[in-house]
Amino acid sequence: MQVNGQTEGLKKGILERLQKIYDMKIPKDQVLTEELTLILAEISSAINREISVLIDRKGNILDVRVGDSNSAAVYPASVRRSESSLSGVRCVHTHPGGRSALSELDISTLKQLHLDMMIALGVSDLKPTDVSCAILTDGMQNVAIYGPFGPFSNRLNEIAEFVYKADKSGKEPAVVQEKRKERALLIGVETPDTPVIMGVSEASISMKELVELAKTAGAEVVDTILQKRPSRDPAYLIGKGKLAEIGRIVQEKEIALVIFDEELSGTQLRNIENFTNTKVVDRTGLILDIFGQRAKSREGQVQVELAQLNYLLPRLQGRGITLSRLGGGIGTRGPGETKLETDRRHIRRRIDYLKKELERIRNQRQTSRRERERNKIPVVALVGYTNAGKSTLLNTLCDADVFAEDKLFATLDTTTRKLKLEEGMTVLLSDTVVHTKASPSSR
C-alpha cells in the first residue's frame, strides 16, 4: 500500500506517517476516530495540501492520497460498485483553509463514485476546526448536505447509520431509474503536420464527425477538447498537464467516458485511464461499438465480432477500467460480454471459429450469386460514404422498407431489392456497406 497523489517534495518522515494510516482500523460503529482526525489535521496543516482517506464499512483504510482542491478527488476506479447501489466506501478529506464547506468537486465526486459519505474536515494551525458531510438521497438522484459540526461530533455516526439502513437490499434505490446516456468528453490532437483544407484543420473536421459518431453510439457529448501539440506523445498521446485538466473535468462534469479521435495503443489506453480514472475509448473502438449495435444479419454480426476481437487482442494488456467495469456501456458491447480479459488463447480460438463461420456464410452467398449470374440479372450498387443517403434512395426507388436513419453507420448489412426500369428491364439494386476508413479530406 502506498501514498498516492501529489507526494513530490514531501519529507520522508511525512510520507512514513501517511503510510502508517493504512495500518489503522476504524471501529464499525464510528465514521472517523479522534486519532485519525488529529493526524490528518496536523499533517495537512504542515504540508498545506489536502489529504483524503477512503474507508470501507468494515473500517479498513483503502486509499491515502495527497493533492490540492482540484486533484485530491481522483480515486481508484475499484471504489465504484455498481449503478444501482452505493459503493460501500466513505471519503474523509481535509480542507487546509480552515473551512469544511464542501465544494462542487466534492459533490460531483460523491455522485460519480456513489460514495456512502463525502466528509470534509476543516483544519488550521495543526488542529481540526469543523466537519461537514454530504450523502446521496432519493434513489441517489439528490444530495443532502450536513454541517458544519464540531470536529468530534457524534452527528456523523448518526448520519452514517441512516445511510447504511437506506442502502440495504430492497430499499435503495426506491424506484427503477431510467437508463442515462453515458456522458462523454471528446479529445482530439492537432500537430504541425495536420492537413488544412480550405483554411480549416482536418483535425477540426474530424472532431465534428466524432461528435456525430458519439451521438450515434448513444453518448451525451458534454464537451470537446482539441489540443495543439508539436507531436503525439507515445505514452499519453497528449501532455500530462492536459490529462490532469481532463481528470478535473471528468470529476466536475460527471464524465463517464473519454473518447479520443485517434487510435490508441494498449499502453496509451492504460496510462490515460489511470490518469483520468475513467473509461477511455478511441475512434476505432467507438466505430466498432456502433457496428456491434447495428449489425442484424448473421454475417454482419460475425464480421463485427471478428473485427472487435482482432482490434482488442493486441490491446488486452492495456485494458484496465474498460474491461473491469460493471454495467457495460460504449466500448464494451459485443465481445466485451465474453470476458475478454480471461485468456488470449480463448480469444484466438474464438477468432479461428469466427473465420470458419464467415467462410461458411460466404460459400452460401456464392451459391446465391451463381444463381443470379445464370439468370443474367444486372446488379447496380449504391456506393457512398456513411450517412450519404444510400438506404433512403433504395427505399425511394424500390418502395422498400430498409432501415434508414440520419446517423453514421446506420446500415451494416447489404440489402438487395429488384428495380424495374422504364425500358422494362429489371436490375438488382444493392445498398452497400462502407468497409474502408475514409479520411476527412475525401468526404
Side-chain angles (χ1 to χ4, degrees), residues 1-5 7 14-44 49-67 71-82 85-96 100 102-103 105-123 128 130-136 140 143-168 172 251 277:
M1 306 292 281
Q2 66 178 13
V3 179
N4 300 303
T7 58
I14 292 291
L15 289 173
E16 289 176 349
R17 291 190 66 189
L18 290 171
Q19 184 76 37
K20 288 181 180 179
I21 293 177
Y22 281 109
D23 298 328
M24 300 181 70
K25 182 82 172 181
I26 309 300
K28 289 185 179 180
D29 60 346
Q30 294 186 42
V31 171
L32 184 61
T33 63
E34 182 174 336
E35 180 186 11
L36 180 56
T37 299
L38 293 173
I39 289 173
L40 292 176
E42 183 181 344
I43 298 177
S44 183
R49 299 185 197 180
E50 288 193 5
I51 301 173
S52 65
V53 177
L54 296 183
I55 308 170
D56 66 18
R57 293 184 187 178
K58 295 180 180 180
N60 300 310
I61 307 296
L62 305 180
D63 186 75
V64 178
R65 190 169 297 262
V66 179
S71 63
V74 179
Y75 303 121
S78 58
V79 169
R80 187 166 179 172
R81 192 168 67 208
S82 73
S85 61
L86 296 177
S87 65
V89 175
R90 60 185 178 272
C91 172
V92 180
H93 71 290
T94 61
H95 285 183
S100 64
L102 293 157
S103 67
L105 187 58
D106 293 335
I107 300 302
S108 65
T109 302
L110 169 74
K111 294 166 66 177
Q112 184 179 22
L113 299 183
H114 290 182
L115 296 171
D116 286 355
M117 304 174 73
M118 172 61 79
I119 302 162
L121 180 67
V123 299
D130 56 14
V131 64
S132 299
C133 76
I135 63 172
L136 296 172
M140 296 185 290
V143 175
I145 299 176
Y146 300 90
F149 315 120
F152 307 114
S153 171
N154 191 53
R155 190 77 175 95
L156 288 180
N157 298 331
E158 296 172 357
I159 296 170
E161 185 178 355
F162 166 77
V163 170
Y164 301 155
K165 286 182 179 179
D167 193 45
K168 285 183 178 179
E172 183 73 25
Q251 295 292 329
N277 189 37

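Predicted, not measured: the structure shown is a model, and the values here were computed from it.
Side-chain contact between Ile61 and Ile26 is present, with at least one heavy-atom pair separated by less than 4.5 Å. Side-chain contact check for Ile21 versus Leu40: some heavy-atom pair is nearer than 4.5 Å. Residues Gln30 and Asn157 form a side-chain contact, since some pair of their non-hydrogen atoms from C-beta on lies under 4.5 Å apart. Side chains of Ser100 and Asp130 form a contact here, defined as non-hydrogen atoms less than 4.5 Å apart. With contacts defined as side-chain heavy-atom distances shorter than 4.5 Å, the pair Arg49/Ile51 does not qualify. No side-chain heavy atom of Ser44 sits less than 4.5 Å from a side-chain heavy atom of Glu50. In this structure the side chain of Tyr22 reaches within 4.5 angstrom of the side chain of Asp63, judged on heavy atoms. Residues Arg90 and Val163 have side chains not in contact (no heavy-atom distance under 4.5 Å, counting atoms from C-beta outward).
Ser132 places no side-chain N or O within 3.5 Å of a backbone atom of Gly147 that could act as its donor or acceptor partner. Between the side chain of His93 and the main chain of Ile119, a donor-acceptor pair closer than 3.5 Å is present. For Lys25 (side chain) and Lys58 (main-chain N/O), a donor-acceptor pair under 3.5 Å exists by modelled atom type.
The CZ atom of Phe162 sits 11.0 Å away from the CE atom of Met117 when rounded to the nearest 0.5 Å. The CE atom of Met24 lies 12.5 Å from the CG atom of Asn60; values are rounded to the nearest 0.5 Å. Atoms OG and CZ, from Ser52 and Arg65 in turn, are 6.5 Å apart once rounded to the nearest 0.5 Å. A distance of 10.0 Å separates CG in Leu136 from CG in Leu113, rounded to the nearest 0.5 Å. The CD1 atom of Ile43 lies 9.5 Å from the OG1 atom of Thr94; values are rounded to the nearest 0.5 Å. Summarising the geometry, atom CG belonging to Leu86 is positioned 10.0 Å from atom OH belonging to Tyr164; distances are rounded to the nearest 0.5 Å.
Residues Gln2 and Asn4 share a closest heavy-atom pair of NE2-OD1, 3.1 Å. When all heavy atoms of Leu115 and Met118 are compared, the pair lying nearest together is CD1-CE, 3.7 Å.
For Glu16 and Lys20, the salt-bridge test fails: no basic side-chain N is under 4.0 Å from an acidic carboxylate O.
Taking the side chain to side chain contact (heavy atoms under 4.5 Å, CB included) definition, one finds that Glu158 meets it with Asn154, Arg155, sequence neighbours left out. Considering only residues two or more places apart in sequence or on other chains, Ala134 meets the side chain to side chain contact (heavy atoms under 4.5 Å, CB included) condition with Leu102, Ile107, Leu110, Val143, Ile145. Remark: Gln19 pairs with no residue by the side chain to side chain donor-acceptor pair (under 3.5 Å) rule, at least two apart or across chains.
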Criterion side-chain contact (heavy atoms from CB on, under 4.5 Å) on Ile55 and Leu36, from CA distance to verdict:
CA-CA 12 Å; Ile55 308 170; Leu36 180 56; 4.2 Å; yes

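Thr109 and Asp106 form no side-chain donor-acceptor contact under 3.5 Å, judged by distance and modelled atom types alone.
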